[in-house]
Every structure is written in structure tokens, then in C-alpha cells.
Amino acid sequence: MQTRLIHATAPGAIDEASDCLGNGGLVGLPTETVYGLGADATNGTAVARIFEAKGRPRFNPLICHVADLTMARQLISLSPVARRLVDRFWPGPLTIVAPIAEGCPVHPLSCAGLPTLAVRMPHGVAREVIARLGRPVAAPSANPSGRVSPTTAAAVLAGLSGRIDLVLDGGDCAVGLESTIVRPLEDRIVLLRPGGVGRDALADAAGLPVVDHDGAEGIVAPGQLRSHYAPAGAVRLNATSVEPGEHLIKLGPAEVPGEARAVQVINLSPSGSLVEAAANLFAALSAFDDPAIARIAVTAVPKTGIGEAINDRLMRAAAPRD
Ligand code: TXA
Ligand code: MG
């Protein structure tokens with residue numbers, strides 16, 4: 001299969017992408033978080049092709065992307081708490097896990113047979129494509145299983161060329177990290193995956209405490225492998241100095257002791273901005289994902305706001321390989 005690349009701003013691009021999805025095709029779609037590997041969520045064969053293209057070890061439940069609130073309501077029942085979050089953060093980098101609505105048209109393969117479904121309304125180009133299609137789009141990140149999520153069309157092609165039908169090039173993703181995933185309950189918000197929306201912003205919008213997932217209350221945690229986003233070499237976190245032979249990923253203007261020894265340095269944000277660092281993180285990890293690179297040192301990243309999501313992804317990148 002030849003994968004076509006078209007610019008999101010080219011005439012007819014949105015129609016072409018939605019037609020492709022409507023015919024059961026796989027499309028790499030730009031969203032504000034990362035590029036998604038989209039398929040018509042109501043078409044079981046198309047959804048199955050997602051798992052095949054990614055080489056996923058098992059059928060993880062997928063996020064269904066919607067164009068508007070009416071479409072969301074056909075998929076899940078939105079409690080008053082969920083509504084508060086949706087009103088504040090949609091369209092945007094927040095995924096809501098909620099009970100599947102009666103008559104929901106999403107194929108069971110998308111939700112891996114769970115009684116809940118993860119739903120998100122993305123910004124921009126992806127939303128336009130979904131609106132044109134008129135059906136929800138199931139989309140995991142557009143990378144082969146175990147690799148970092150792509151934040152450019154070129155990164156999508158590098159991983160999946162020949163395995164998907166089309167990539168819509170919408171430029172660099174603004175957030176650069178996957179969405180925050182929450183399960184809103186009556187009296188609290190369960191945080192299943194830190195991401196583009198920070199913990200404090202969630203608590204503020206809902207007026208409720210945000211708690212970590214602890215395996216209680218029958219909620220299934222995201223099926224994220226612990227060793228994920230991992231470059232080929234070993235990753236050493238919270239480095240305070242550079243050892244000989246190491247590559248360095250740093251944040252902020254300060255010189256790291258021993259920095260001159262680093263084989264190569266990537267600064268996630270020279271000014272120390274966490275938002276800019278998030279947007280650059282996956283490109284940095286993949287730039288250093290090379291069998292010739294044995295050791296990568298990463299300096300500490302503050303855990304505030306989107307910093308929590310950056311630390312989560314770094315921990316997975318550094319985890320022992322399964
Ligand atoms: O930003 C994002 O969220 C990107 C873009 C493309 O939207 N998508 C993304 O999808 O990161 P993916 O498949 O890489 O991650 C989806 C996560 C998985 O960890 C999955 O286990 C979890 O969502 N998930 C899906 N349905 C769930 C459910 N019903 N309950 C709990 N977790 C669920
Ligand atoms: Mg992913």
C-alpha cells in the first residue's frame with residue numbers, strides 16, 4: 001500500500017480524508033496533542049486495521065473522537081460533573097471516560113468490550129474531518145506500538161508509511177503530549193493518564209478533588225505499558241551532571257555540570273517553559289532513538305501543570321524493557 005501525504009490546507013483535503021475514513025481507510029490526522037491514527041469508529045474492520053497497522057500486542061481500548069456535543073451524547077452519558085469538564089476543556093486535550101450510551105454506534109472493538117468509552121473532541125483539522133464524516137473516529141496515537149507518539153506528519157510517515165492510506169499534514173502539534181484521561185465520578189475526578197490539561201485546572205473546573213487511579217472502584221486503567229516511548233538506549237532521569245559518553249536532554253538556560261562532555265545536547269525549552277518542553281519532548285526522544293546511542297541523561301523537570309505529564313512519559317521512557 002502506498003501512503004499518500006496531503007496538506008490539510010490543500011483544496012479538498014478535508015473531503016478526501018473523510019471520504020477515505022468513510023470507505024474504511026486509515027488516516028493519520030493532526031490534533032492539538034499528537035497525530036492520531038484514525039478509522040471510522042463504527043466500522044469494525046477499519047478499527048481492526050488500526051491494531052494491525054500499529055502492531056499492537058493486544059486490543060487496547062481506543063479514544064473515540066467527536067466533532068460536537070451531540071455526537072458525544074450518542075456515545076456516552078455525560079454526568080453533570082463530566083459536563084463541567086467538557087464545557088471548560090472541549091475542544092481540547094481532555095479525554096472523558098464514561099458509561100456507554102444506549103444505542104451507541106461505536107464498534108465493540110473500539111472499546112475492547114468495556115462498559116465505558118473514552119471520548120474526546122479535538123481542535124481544528126481533525127474536528128473538521130470528523131464533522132464532514134458525521135461519525136466518530138477511533139484514533140490511537142499514529143505510531144507503531146511502543147514507539148513515541150508523532151507530533152509531525154513526517155514522524156507519522158517514518159513509522160507507518162505503507163501501512164496506512166493517507167496522512168493529513170497539519171504541521172506541528174501544539175501541545176505535543178497525549179490528552180489527559182479522566183473518569184469523572186460524582187464526588188471526585190479519577191486521573192487515569194496525566195496529559196495536556198493539568199491536575200489543578202481539572203480540580204478548578206469541576207470544583208472537586210482530583211485523585212490518582214488506585215485500581216479501586218472497578219475502573220480499568222489505561223493499558224499503557226510501563227516501558228513505553230522508549231528510545232533504544234538507556235535513559236537516566238533527574239541527572240544533575242553529564243557522564244562521559246552520554247547524550248543530554250535538558251530544560252532551561254542553566255548549564256548542566258559536565259555539559260561539555262555530552263555527545264549531543266537537546267534543550268526542550270531554552271527559556272524553561274514547560275509548555276514548550278511538552279511540545280518538543282517526543283521529537284527529542286525520537287531524535288535520540290538510535291541503536292548507536294547507548295545512554296541518555298535527562299535533567300529534572302518540575303512536576304507542576306503539564307510537567308506531571310512530561311514526567312509520566314519520561315518515566316515510561318526510562319522503565320526497564322519488557
Ligand atoms: O491525545 C490523545 O489522547 C491521542 C490523540 C490521537 O487523540 N490519542 C491517544 O490514544 O493517546 P492512545 O490509544 O495512544 O491512548 C488511549 C488510552 C489508552 O491508554 C487506553 O487504554 C485508554 O486511553 N482508554 C481507552 N478507553 C478507555 C476506557 N474505557 N477506560 C480506561 N482507559 C481507556
Ligand atoms: Mg499511544
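We're numbering straight along the sequence, starting at 1. Order of listing sets the numbers, starting from 1, for every ligand and every atom in it.
Of all atoms in ligand 1, listed by their number and element, those nearer than 4.0 Å to a heavy atom of Gly36 are 6 (C). Atoms of ligand 1 lying under 4.0 Å from at least one heavy atom of Ile181, given by number and element, are 17 (C), 22 (C), 23 (O). The Leu114 neighbourhood of ligand 1 comprises atoms 28 (C), 29 (N), with distances under 4.0 Å to a heavy atom of that residue. In summary, the atoms of ligand 1 found under 4.0 Å from a heavy atom of Ala118, numbered by their order in the structure, are 25 (C), 26 (N), 27 (C).
Within the structure, ligand 1 has Arg193 among the residues with a heavy atom less than 4.0 angstrom away. Using a 4.0 Å cutoff on heavy atoms, Cys111 does not count as a contact of ligand 1.
When side chains are defined from C-beta on, Thr240 does not count as touching Thr299, because their heavy atoms never get closer than 4.5 Å. At least one side-chain heavy atom of Val81 sits under 4.5 Å from a side-chain heavy atom of Ile189.
The residue among Gly28, Pro140, Ser110 with a heavy atom at the shortest distance from atom 12 (P) of ligand 1 is Pro140. When the heavy atoms of Gly195, Pro150, Pro61 are ranked by distance to atom 33 (C) of ligand 1, first place goes to Pro61.
Any N or O atom pair closer than 3.5 Å counts here, and Arg120 shares at least one such pair with ligand 1. Considering backbone and side-chain atoms alike, Tyr35 places every N or O at 3.5 Å or more from each N or O of ligand 1.
By the criterion of a heavy-atom distance under 4.0 Å, both the backbone and the side chain of Thr116 are placed next to ligand 1. Residue contacts with ligand 1 for Leu37 are absent, since no atom lies close enough (heavy atoms, distance under 4.0 Å). Neither the backbone nor the side chain of Arg183 comes within 4.0 Å of ligand 1, counting heavy atoms alone. Counting heavy atoms closer than 4.0 Å to ligand 1, residue Ala139 contributes backbone atoms (N, CA, C, O) but none from C-beta onward.
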For residues 12-30, which side-chain donor-acceptor pairs fall under 3.5 Å, sequence neighbours excluded?
{"unit_1": "Asp15", "atom_1": "OD1", "unit_2": "Arg132", "atom_2": "NE", "d": "2.7"}
{"unit_1": "Glu16", "atom_1": "OE2", "unit_2": "Arg4", "atom_2": "NH1", "d": "2.3"}
{"unit_1": "Glu16", "atom_1": "OE2", "unit_2": "Arg4", "atom_2": "NH2", "d": "3.4"}
{"unit_1": "Ser18", "atom_1": "OG", "unit_2": "Ile14", "atom_2": "O", "d": "3.4"}
{"unit_1": "Ser18", "atom_1": "OG", "unit_2": "Asp15", "atom_2": "O", "d": "3.2"}
{"unit_1": "Ser18", "atom_1": "OG", "unit_2": "Arg132", "atom_2": "NH1", "d": "3.4"}
{"unit_1": "Asp19", "atom_1": "OD1", "unit_2": "Arg132", "atom_2": "NH2", "d": "3.3"}
{"unit_1": "Asn23", "atom_1": "ND2", "unit_2": "Asp19", "atom_2": "O", "d": "3.1"}

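Residue pairs meeting the ring-ring contact (aromatic ring centres under 6.0 Å, His included) criterion with at least one partner in residues 265-304, sequence neighbours excluded, are Tyr229-Phe282, His247-Phe288.
Side-chain atoms of Thr33 and Thr31 form a donor-acceptor pair, as typed in the model, at a separation below 3.5 Å. Using a 3.5 Å distance cut-off with no hydrogens or angles, the side chains of Ser179 and Arg193 do pair a donor with an acceptor.
Salt bridge Asp40/Arg49: absent, no basic N to carboxylate O contact under 4.0 Å. We find that Glu178 and Arg120 are not joined by a salt bridge, their nearest charged nitrogen and carboxylate oxygen being 4.0 Å or further apart.
Surrounding CD of Glu52 are at most 12 heavy atoms belonging to other residues, nucleotides or ligands under 6.0 Å away.
When distances to the Mg ion (ligand 2) are checked against a cut-off of 2.8 Å, Ser141 contributes an N, O or S atom below that limit.
The minimum heavy-atom distance between Leu94 and Val197, with the atom names listed, is CB-CG2, 4.2 Å.
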